[in-house]
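Have a look at the structure below, then the notes.
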Amino acid sequence: MSRAEAVRPGAPAAGARRAGAAGYAALFTSELALTFRRARTVVLLGILAALPVLIGTVVRVETGGRDGGGGGPAFIAQVTQNGLFLVFTALAVTLPVFLPMTVGVVAGDSIAGEASMGTLRYLLVAPAGRTRLLAAKFSAALVYCLVATGVVAVSALATGAALFPLGEVTLLSGDSIGVGEALLRAVLVAGVVALSLAGLVAIGLFVSTLTGSGIAAMAATVVLVITVQILDSFPQLHAVQPFLFTHQWLSFSDLLRDPMHWDNVLENLGLQAVYVAVFGSAAWARFTSRDITV
């Protein structure tokens, strides 16, 4: 047997794998372009960019740029001492409500939006497969999480630099770090915040497979986020709160200590992984067995 004949049986499998990877890459690129071309996405990112500007302006007007001196919330004093701290403040303010609402809109519309526009059936005509399409939708939504979080962080950094002095950053533990290390921590915190939204992406994707109405899927996902946030605020529900996907969202504050505390952060990321596994599997089971008629 020649060498060519010997390797021939494995060639179709290798070609299929290459074709599968190329098909997924094409789908992912297409979904990414579609997500960020939508006017709704641009508007949502614009709102997120404006929020740090609003926060910084309010702090500047209320304090006159002076040290907060303990006359208000602790983060106000931190922002007035150093504009770089506005990055952490803006992420803390936007994470409970604004970031998850925008992510819920994007994730909830991923499948249901295609169905409501009548384009889902045509997407599935191509030999891409439902699994790859679902994976591309999920990946594109995760990229949106990273971009949305980055928009908040960059806007806050620019606003803080423009309105307040920059210098050594005083951490929550009372220690001070230089600007370079503070910027690295800002990148790390932004990454943790973005990954904290992964569970919500999986939930939104699952909800999106349950209906053919994009508006209904977006509304249901956003309402779910609000409901879970409310449940997480009741002391009487302390037994179930550790299992809510929002419970450890603000654990990134432990990274603003010296040394950094990772226990709650890792617990949060582990919980998000569980939600991704559970609701991602549910979305796959629903989507691959669903009768697509539109």
Next item on the list: Spell out, yes or no, whether V225 and F243 are grouped together once hydrophobic residues are joined by side-chain heavy atoms under 4.5 Å, including indirect joins.
Entry: no
Check: How would you list, by chain and number, every residue that makes a salt bridge (charged side-chain N to carboxylate O under 4.0 Å, His left out) with E181, sequence neighbours excluded?
Finding: R185
Margin query: With clusters defined by side-chain heavy atoms of hydrophobic residues (ILVMFWY) lying less than 4.5 Å apart, directly or transitively, does L269 cluster with L244?
Written below: yes
Item checked: Value rounded to 0.5 Å, distance of OG1 in T149 from CG in L195 -> 9.0 Å
Check: Does the side chain of S173 come under 3.5 Å of the side chain of D258 through a donor N or O and an acceptor N or O?
Finding: no
Item checked: Nearest-0.5 Å distance, CG of residue L48 to CZ of residue F98 -> 9.0 Å
Item checked: F85 side, atom CZ; L157 side, atom CG - distance, nearest 0.5 Å -> 14.0 Å
Notebook entry, point to check: When rounded to the nearest 0.5 angstrom, what distance separates OH in Y144 from OG in S110?
Noted result: 13.0 Å
Item checked: CG on L183 to CD1 on I177, rounded to 0.5 Å -> 9.0 Å
Item checked: Other cluster members, L54 - Ile/Leu/Val/Met/Phe/Trp/Tyr, side-chain contacts below 4.5 Å -> V58
Check: L231 and side-chain contact (heavy atoms from CB on, under 4.5 Å): which partner among L237, I226, T246?
Finding: L237
Margin query: Check the orientation of F279 and Y275. Use parallel for under 30°, tilted for 30 to 60°, and perpendicular for over 60°.
Written below: parallel
Checklist line | Spacing of L91 atom CG and L99 atom CG [to the nearest 0.5 Å] | finding: 7.0 Å
